[in-house]
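These notes are about the structure you will find just below.
Reminder, nothing fancy here: chain letters follow the sequence lines and each chain counts from 1.
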Amino acid sequence: MRLQYPTNIQIIRVPCTGKIDVIHVLRAFEKGADGVYAVGCMEGDCHFNSGNFRARKRIAQAKKILDTIGIGGERAQMYNLSSSEGPLFAQIASEMDEKIRKMGPNPIKLAKKKAA
Amino acid sequence: MIVADKKPIEEIIEEIKDKRKLLVLGCNECVTVCEAGGKKEVGILASALRMYFLKEGAEVKIDERTLQRQCDLEYLEEIRDVADQYDAIVSLACGVGVQFTAERYLSTPVYPGVNTCFLGANEDRGLWTERCQACGACILARTGGICPVSRCAKRVLNGPCGGSTSGKCEISKDTICAWQLIIERLKALDKLDEYEILSPIKDWSTDRAGGPRKVEREDVQQ
Ligand code: SF4
Ligand code: SF4
């Protein structure tokens, strides 16, 4: 199966979405990412039982912080799919890409450029 | 341990928004365990502040540091050579740590980064509950190991009061009546006859009523 998804998406592999912490999401934005989304297994299907639930909570925490500091919580998202759903993976990628394009670039990136 | 809760980031920003060089200072003990002011939370707050200032177009330097304890001089000394280089320190330790840091470093304002709540225990993941109010004269021996000073809303010493209904306190149906717990525990220990003994009037001078307290121990003094 050869599926197309936006090339500007950088995939960072983690052993389980439960490994993702709030700081990882924030650092990505600090470094200039326009959006960050976590793709976990389906709820109830986590090999470690609660990894994807933890990820969801941490993404929610990151969203709240991003809203507070005016970056926009919508830039961080959590998705769930099963590993056999390649087409859905591509669809989510396009959906996220579209959403972030509508929001425009990360204000941090712009501010950094200005400062440089 | 001392239980603290996170302070809303907007509240912290409001205090330090005019500063240009900041140290976010965590503490490795109580506040680390209750996930409010350890190294991890220092990282998150520092990152959020960096982004906030960048977005506002302000050039601000934000450093991160976590000490073993902020309530101990020996560890506080570790920032001696850097403390005065900052416009402000945001301390994520409990109120004790915030104050002790401020007392040692007089030229740098120190701001609290958490809300210090109580002396409590970790009952469950993400759940901390109060257990002691440091009254200075512990009576747990008489109360089956359950503290009516911190767990009874009225601090009643010969309880329960008339507001106890089906094991719950009248302040809220989610609050267990401490005296119900005490009686159950004494029953389980087969010591219910002790419940009959009236507690004398407690000497509250060892509590906060006697003003700020201190413990002075010659045996461990130098
Ligand atoms: S400063 Fe506060 S949080 Fe840190 S070890 Fe001391 S009592 Fe605990
Ligand atoms: S009786 Fe006083 S010292 Fe003992 S647990 Fe209760 S508040 Fe703490």
query = Contact part of A:Asn106 toward chain B, heavy-atom cut-off under 4.5 Å: side chain, backbone, both or neither?
reply =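 For A:Asn106, there is no contact with chain B at all, as no heavy atom is under 4.5 Å.
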query = Does the side chain of B:Ser150 come under 3.5 Å of the side chain of B:Glu130 through a donor N or O and an acceptor N or O?
reply =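 No, because no side-chain N or O of B:Ser150 sits under 3.5 Å from a partner of the opposite role on B:Glu130.
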request  = Walk me through it: do B:Asn28 and B:Tyr75 pass the test side chain to side chain donor-acceptor pair (under 3.5 Å)?
outcome  = CA-CA 11 Å; B:Asn28 247 337; B:Tyr75 298 112; over 6 Å; no
task = I would like to know whether B:Glu103 and B:Gln99 meet side chain to side chain donor-acceptor pair (under 3.5 Å); could you show each step before the answer?
result = CA-CA 6 Å; B:Glu103 281 169 37; B:Gln99 292 182 66; over 6 Å; no
task = With a 4.5 Å cut-off on heavy-atom pairs, point out which of B:Ser47, B:Ala48, B:Gly43 contacts chain A the most.
result =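 So the answer, after comparing B:Ser47, B:Ala48, B:Gly43, is B:Ser47.
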inquiry  = Keeping A:Arg58 on the side-chain end and A:Gly18 on the backbone end, is there a donor-acceptor pair under 3.5 Å?
reply    =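 Looks like yes, one N/O pair under 3.5 Å.
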inquiry  = If I measure from the heavy atoms of chain A, does B:Ile13 come under 4.5 Å with its side chain, its backbone, both, or neither?
reply    =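 Only the side chain of B:Ile13 comes within 4.5 Å of chain A.
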